[in-house]
Amino acid sequence: MERLTITGQKLGSGFYTDPDVVGIARALLGKILWCNMDGVLSGGIITETEAYAGAEDRASHAWGNRRSGRTEVMYREGGCAYIYLCYGIHSLFNVVTGREGLPHAVLIRGVEIAGGHENVQKRLGRKIFQTKDTTGPGRVTRALGLHHSMTGTSLLGEEIWLEDHGIVIPEHQILTGPRIGVDYAGDDAALPYRFRVDNPELFENQIIKKK
DNA sequence: CGGCCGATCCACT
DNA sequence: GTGGATCGGCCGA
């Protein structure tokens, strides 16, 4: 486990506009995702991500530069949230990246709760929660209070944002593999665009104070 | 405008 | 390991 810095640094526009969405997906491991909707704060250390590489990626909602009301936010300049409803039940949270017109996004698939534990407890309706309760993209949004109605929210504002607290995941603790549930994507289904921390439970019960 | 189906999860067995 | 829940987006008629 790496040392944690006392205070974090909010990720700025430059982090999100990088055209290398796969690099960003990897770099997001260990970053803190905060949600402060309606004054209720909760946050988690990101432990699992997947990159969706825009127009060239058959697994992406923006494959072939398809546009729709839902996917429009993917084409914005990096630094906003793309949250959509999956299977009629689950809100899935993505970080939009890249320059305007480049529909890149990173799906957040797992976190370890690091702030606002009491708020998460209320949402999940249980007193104790651990890795399995916040691993899986639907569980991430349920725990943090992220909802698909919040899609398009800027990550540079005060509602949803990310911070760097100096947590560095060593290379050998990062597992890489194909993405989940993208069998329809032909050859692109095999791309190694999924990243996860080998032992996320090491981050259980962390307490990180927001900047 | 009807119908199909998905970047999932959970409660079963 | 399997099936049901549940609904908005999208495509084709």
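Note on naming: letters A, B, ... go to the chains in the order of the sequence lines (proteins, then strands), and numbering restarts at 1 for each one.
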| said: Measure NE2/A:His104 against C1'/B:dA7 and give the value in whole Å, please. | reply: 16 Å
| query | Could you walk me through whether A:Glu158 and A:Lys10 pass the salt bridge (charged side-chain N to carboxylate O under 4.0 Å, His left out) check? | reply | CA-CA 11 Å; A:Glu158 302 298 318; A:Lys10 189 170 182 170; 3.5 Å; yes
| message | Between P on C:dG9 and CD1 on A:Ile89, what's the gap in Å once rounded to a whole number? | response | 16 Å
| said: Using a 4.0 Å heavy-atom cut-off, does A:Leu107 contact any base of the nucleic acid, only the sugar-phosphate backbone, or nothing at all? | reply: base
| A:Ser68 side chain near C:dC10 phosphate (N/O to OP1/OP2, under 4.0 Å) | yes
| note | A:Asp188 CG to B:dA7 C1', in whole Å, measures 14 Å
| To the side chain of A:Tyr87, which of B:dC9, B:dG6, B:dA7 is closest? | B:dG6
| What is the distance, rounded to the nearest whole Å, between atom CD1 of A:Ile83 and atom P of C:dG8? | 16 Å
| task | Indicate whether A:Tyr84 forms a stack on C:dG8; treat it as stacked only if centroid distance is below 5.5 angstrom and interplanar angle below 30 degrees. | result | no
| request: State plainly whether the residues A:Arg26 and A:Glu171 are in salt-bridge range, i.e. N to O under 4.0 Å. | output: yes
| For atom CG of A:Leu92 and atom C1' of C:dC7, their distance in whole Å | 14 Å
| query | How would you label the contact of A:Arg70 with the nucleic acid (heavy atoms, under 4.0 Å): base, sugar-phosphate, or nothing? | reply | sugar-phosphate
| query | Can you check the A:His90 NE2 to B:dG6 P distance for me, whole Å? | reply | 14 Å
| query | Does the side chain of A:Arg70 reach to within under 4.5 Å of the side chain of A:Leu85, using non-hydrogen atoms? | reply | no
| What's the spacing between A:Leu146 CG and A:Ser149 OG if we round to 0.5 Å? | 10.0 Å
| task | Under a 3.5 Å limit for both distances, which nucleotide forms a Watson-Crick or G-U wobble pair with C:dA13, could you say? | result | none
| request: Could you please name the partner base of B:dA7, counting Watson-Crick and G-U wobble pairs only when both distances are under 3.5 Å? | output: none
| Among residues 112-124 of chain A, which contact DNA chain B at a heavy-atom distance under 4.0 Å? | none
| request: Answer yes or no on whether A:Arg179 is positioned over the face of A:Tyr52, meaning its NZ or CZ is under 6.0 Å from the six-membered ring centre and within 45° of the axis. | output: yes
| Nearest-angstrom distance from the residue atom CG of A:Leu85 to C1' of C:dT6 | 8 Å
| request: Sort out for me which residue in A:Val95, A:Leu107, A:Val22, A:Leu28 forms a side chain to side chain contact (heavy atoms under 4.5 Å, CB included) with A:Thr49. | output: A:Leu28
| query | In terms of side-chain geometry, is the basic nitrogen of A:Lys31 or A:Glu163 positioned less than 4.0 Å from the acidic oxygen of its partner? | reply | no
| query | If pairing requires Watson-Crick or G-U wobble contacts with both distances under 3.5 Å, which nucleotide is the partner of C:dT6? | reply | none
| task | Nearest whole angstrom, please: distance from the C1' of B:dT8 to the CD1 of A:Ile108. | result | 16 Å
| Would you say a side-chain N or O of A:Arg142 is under 4.0 Å from OP1 or OP2 of B:dC9? | no
| query | Any side-chain N or O of A:His148 under 4.0 Å from OP1/OP2 of C:dG8? | reply | no
| side chain to side chain donor-acceptor pair (under 3.5 Å) contacts in which one or both residues fall within residues 71-92 of chain A, not counting sequence neighbours | A:His61-A:Tyr82, A:Arg67-A:Glu72, A:Ser68-A:Thr71
| said: Looking at B:dA7, I'd like to know if its phosphate oxygens (OP1 or OP2) sit under 4.0 Å from a side-chain N or O belonging to A:Tyr184. | reply: yes
